[in-house]
There are 2 protein chains.
Amino acid sequence: MKAADLERIRSLQLFSGMSEDQFNDVTQGAYLQTFPAGLTLLYEGDPVDFLYILMDGAVELQGTWNDKESTLAILRPISTFILAAVVLEANALMSARTLEKSQILMIPAEAFRRIMAEDAAFAVSVAREVSGCYRGLVRSIKNQKLRNGTERLANYILTQQVRQGNPDVVVIPHEKRTLASLLGMTAENLSRAFAQLADYGIEVHGAEIRILRPVPLRRLAKPNPLLDNHAPPGMGGSGKAEKEMWPPSLGMAGRA
Amino acid sequence: MKAADLERIRSLQLFSGMSEDQFNDVTQGAYLQTFPAGLTLLYEGDPVDFLYILMDGAVELQGTWNDKESTLAILRPISTFILAAVVLEANALMSARTLEKSQILMIPAEAFRRIMAEDAAFAVSVAREVSGCYRGLVRSIKNQKLRNGTERLANYILTQQVRQGNPDVVVIPHEKRTLASLLGMTAENLSRAFAQLADYGIEVHGAEIRILRPVPLRRLAKPNPLLDNHAPPGMGGSGKAEKEMWPPSLGMAGRA
DNA sequence: AAACCAAATTGACATTTATCAATCGGAACG
DNA sequence: CGTTCCGATTGATAAATGTCAATTTGGTTT
């Protein structure tokens, strides 16, 4: 592996605390590999032999049951995935598929677990990383159970607005059907949800969402740090920005 | 704290691997406290000062948004809760409320984190524990997004059937409204879902669910280890029974 | 035993969401 | 430059789910 890549990996929260020797050890048998778009890296139910770290591109995590499938998360660099399965030496609960050509670091699960047991600092980092992922999922469930489709879409837009940095325009970085699945609705209903948001100052042209009037949108969406993660990627969350101040002017819902 | 209680705690997966000294250290400032039913121990958004371990009774984890609330999990002994928040020194994402009179062990978060950093074996145990919780949530989301209300109920019954050990009768151990919220539906629709299951050999009398014909029920429910955790409690999962054989006679859905 | 209360159930209805079919539109390709 | 294909959209309809109000039920209190 190239030195520059190693440097990039070393700077991740997950690896920053560990000793040099052990870092070399984990990355010893690691592959940095490039996959084409639309490739399924891992099927749910499969045994997991590697920890995956998305360095570039996009990966979808999805679940299947009874011929239906649902997108559980869309990952952007830099995100780990199937970490929990690696830690527990268990089978994958989600399939992982590239949405774009992606560069992915694969670390042998065996070595990963061994080093965890040797290096307390590293084990703590792993615990932290999984904890961040866990909290991402808690938010995800709350989002799913407490909001309706239009509300989920409105909050998705606000989240992307923050992450993409442009207050006026948000770009959907993949097919809308994928977004629909992520938001727990059909592609048809996503279209209708966008139509409803026209009343709240949203205009859609292709993949581009234009936010004309942020205030009514926020009033509808009622974003909340206990449901929305307006910071790094959801599932491989770097855990940062957890305790930042919330929306400039909106009081938090309910207590505390 | 009594020696018998310490013994019980020591035998938990989470604490079994650590050194004696450090075990004494963590449990030093720990309280074993009894709370009445219906008491909220912690509100979502609150800072978390303790790791909680439910030793006896029942605790509901729930989330709120916009005056709606939803039950995310119902815990039974022995389960840890809000572990991820403790690890990350973050605020709680869920409220925790006793459903019954409960005995709960409270371990100071500060000390917990300190010991984690000192004892690699313990840190690994924590990572494992959180990973188990994470996988519980993944199943929960898949259950929520891929199944309809009646299917979720049918699978709930099958899960309880396994956990309670009686193949003919399952007892709902709390109010039905709580179950409805856990399953992501209203109390009214839970009643209707039970009515629908009459066609599949289910009879309900109060809290008692009688399973007359298991076969049609299973055919409807299509239980699957990637969505259902037919073993220990969901959120404080001891991680056991993860790779057990699946339903005696039902092939697993789809691939692998 | 009567009265009372809250949870559970039932019915009628509204809303949301899914499904199916048809059409539109843009990108890729010959 | 037109054709083709696939995703997105739209409309019509069905199914699922939620809401509201009225009972019913079961347990507890008096």
So, using side chain to side chain donor-acceptor pair (under 3.5 Å) as the criterion, who are the partners of T186(A) when residues are at least two apart? N189(A)
Those residues that, when tested against R210(A), pass side chain to side chain donor-acceptor pair (under 3.5 Å) (two or more places apart): E208(A)
The criterion is side-chain contact (heavy atoms from CB on, under 4.5 Å); which residues satisfy it with [X], sequence neighbours excluded?
| X | value |
| --- | --- |
| Q144(A) | R152(A), Q144(B), K145(B) |
| T98(B) | F35(B), L39(B), L41(B), V59(B), S102(B), I104(B) |
| D49(B) | none |
| E69(B) | Q62(B), T64(B), R97(B) |

I need the full list of salt bridge (charged side-chain N to carboxylate O under 4.0 Å, His left out) pairs touching residues 179-205 of chain A, with sequence neighbours left out, sorted by first then second residue. none
Please enumerate all residues that pass ring pair (Phe, Tyr, Trp, His ring centres under 6.0 Å) together with F50(B), with sequence neighbours excluded. Y31(B)
Enter the inter-axis angle for the ends of the helix from dA1(C)-dT30(D) to dG30(C)-dC1(D) (five pairs per end, rounded to 10°). 30°
Which is the 5'-most and which the 3'-most nucleotide of DNA chain C that has an atom under 4.0 Å from a heavy atom of chain A? dT17(C) to dC20(C)
Can the ring centroids of F81(A) and Y52(A) be said to lie less than 6.0 angstrom from one another? yes
Sequence-aligned protein contact record of nucleotides 11-18 of chain D, with B where the base is within under 4.0 Å of a protein heavy atom and S where only the sugar-phosphate is: BB----SB
Only distances under 3.5 Å count here; give the side-chain donor-acceptor pairs of residues 171-182 of chain B to other protein atoms, sequence neighbours excluded, each with its distance to 0.1 Å.
{"residue": "K176(B)", "atom": "NZ", "partner": "G206(B)", "partner atom": "O", "Å": "2.8"}
{"residue": "S181(B)", "atom": "OG", "partner": "T71(B)", "partner atom": "N", "Å": "2.7"}
{"residue": "S181(B)", "atom": "OG", "partner": "T71(B)", "partner atom": "OG1", "Å": "3.2"}

